[in-house]
Amino acid sequence: MSNNILKHLAIIMDGNGRWAKQRGLMRTKGHEQGANTIRDITQYCAEHETIETVTLYAFSTENWKRPKYEVDFLMRLLDRWLKQELPTYHRFGARFETVGNIEGFSPKLQETIASIKEQTADHTNVTQILALNYGSRYEIAKAASQLAKRGEEITEDSLGRELNTPYQDIDLLVRTSGEQRLSNFLLWQLSYSEFYFTKTLWPDFTPMELEEIINQYLHRDRRFGAVV
Ligand code: IPE
Ligand code: IPE
Ligand code: MG
C-alpha cells in the first residue's frame, strides 16, 4: 500500500467536438457542455481534502489553427462563462488563476480575466488554474531567455521558478477522450507525474469517474528513481 497524496491535479479537457458530433450538434455545443463539466470538477476539487490546485488545459497556442468562428466562439464563451461563474467560485471557495499568454486575447476578455482573479484572490479551498493560450515549449524558451537576459545562471531551480507556473509539481495528469499525448501541455511540470488516459469525452466526465481515477492513483507506486 503506498501513501501517495494528491495536491496538484492537471487535466487535458479533450473531446468536446466529438461529443457534439456524436449527437449531430455543432462543435460549439460541445464546448458549452464541457464548461458545465469544469464547474462540477472544480467543486469536487474544492471539497477534496488534499487537492490544492487543479490546472485545466482550456486553449492551447495551437488551437488558433481552428476555424475563426470556433476560436471566436471559445473566446466569447470564456468571457460569458467567467462572469456567470463568479458566484460559484465564491460558493466553492475557489481561487481563479491562469497560465499562458492572455495578452493574446482581446482587451475586454483580459479585463474579465483580471477581474475574476482579483475577486477570488482570497479563496483557499482550491486554486483553479486555466491554461489559456498556453504552450509549454514557449513557456520554457521564454523562461530561459529571461534568465539569460538578466545574466542569471540557468539551473533546474532558477528555470523552474521562472516558468509561469511556479506552483507545486503535478501529481496526476488526466486526459479525456482517448488521445494519449501531451499536446504541448506542461512538459517541465509533468516530469514525474502519474498519467491516466480515459476514453470518456470531456462533457461526459464526472466527479465520480475522477474519484475512481484518484483512488487508483493513490495505490500506485511512485518511486522517483529510488528503490523502495
Ligand atoms: C477540447 O475539445 C476543447 C478545446 C481544445 C478547446 P476539442 O475541441 O479538442 O474536441 P475534439 O478533440 O475535437 O473532440
Ligand atoms: C489539447 O487538445 C488542448 C486542449 C485541451 C485545450 P487538442 O484537441 O487541441 O489537441 P490535439 O490536436 O488532439 O493534439
Ligand atoms: Mg481535441
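Both ligands and their constituent atoms are indexed starting at 1 by order of listing.
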Atom CG of residue position N215 - does it have more than 12 heavy atoms of other residues, nucleotides or ligands inside 6.0 Å? yes

Measuring from the heavy atoms of R181, does anything fall under 4.0 Å of ligand 2? yes

With a 4.0 Å cut-off on heavy atoms, is S177 in contact with ligand 1? no

Verify the neighbour count for atom CD of E118: are there more than 12 heavy atoms of other residues, nucleotides or ligands below 6.0 Å? no

Which residue and atom name correspond to the protein heavy atom nearest atom 1 (C) of ligand 1, and how close is it? M13 O, 3.0 Å

Is there a nitrogen or oxygen of Y57 sitting under 3.5 Å from a nitrogen or oxygen of ligand 2? no

Distance filter under 4.0 Å to S183 heavy atoms, resulting ligand 2 atoms: 1 (C), 10 (O), 11 (P), 14 (O)

Salt bridge check, R18 against E179: does any charged N sit closer than 4.0 Å to a carboxylate O? yes

For ligand 2, find out whether one of its N or O atoms is nearer than 3.5 Å to an N or O atom of N63. yes

Ligand 1-proximal atoms of E62, by part, heavy-atom distance under 4.0 Å: neither

Do we see a donor-acceptor contact under 3.5 Å between the side chains of E162 and S158? no

Output yes when a protein non-hydrogen atom is found under 4.0 Å of atom 9 (O) of ligand 2, and no otherwise. yes

By atom name, which N, O or S atom of D14 is the nearest to the Mg ion (ligand 3)? OD1

Distance filter under 4.0 Å to I12 heavy atoms, resulting ligand 2 atoms: 5 (C)

Closest to atom 3 (C) of ligand 1 among protein heavy atoms sits N16 ND2, 3.6 Å

How far does CD of Q189 sit from NE2 of H8, to the nearest 0.5 angstrom? 8.5 Å

Answer with yes or no whether R175 contacts ligand 2, where contact means a heavy atom under 4.0 Å from a ligand atom. yes

Salt-bridge test for E32 and R80: reply yes if a basic N is under 4.0 Å from a carboxylate O, no otherwise. yes

Salt-bridge present (E111, K108; N to O < 4.0 Å): no

Touching ligand 1 at all, R66? Heavy atoms, strictly under 4.0 Å? yes

In Å and rounded to the nearest 0.5 Å, what is the OG to CG distance from S191 to D169? 7.5 Å

Taking 4.0 Å as the limit for heavy-atom contacts, which would you say applies to R27 with ligand 1: side chain only, backbone only, both, or neither? side chain

With a cut-off of 2.8 Å, does E179 place any N/O/S atom under that distance from the Mg ion (ligand 3)? no

So, regarding D14 and ligand 1 (criterion: nitrogen or oxygen to nitrogen or oxygen, under 3.5 Å), is there a contact or not? yes

Can you name the atoms of ligand 1, numbered from 1 with element, that are less than 4.0 Å from a heavy atom of R18? 11 (P), 12 (O), 14 (O)

Is it true that, when you exclude K83 itself, more than 12 heavy atoms of the residues, nucleotides or ligands shown sit nearer than 6.0 Å to its NZ? yes

Value rounded to 0.5 Å, distance of OG1 in T127 from CD in E97: 7.0 Å

Which is it for F59 and ligand 2 at heavy atoms under 4.0 Å: side chain, backbone, both or neither? backbone

Assign the ring pair F224 / Y192 to parallel, tilted or perpendicular, where the plane angle (0 to 90°) is split at 30° and 60°. tilted

When you look for heavy atoms under 4.0 Å from ligand 1, do you find them on the side chain of A58, its backbone, both, or neither? backbone

According to a hydrophobic-cluster definition based on side-chain heavy atoms being under 4.5 Å apart (Ile, Leu, Val, Met, Phe, Trp, Tyr only), do L25 and Y69 belong together? no

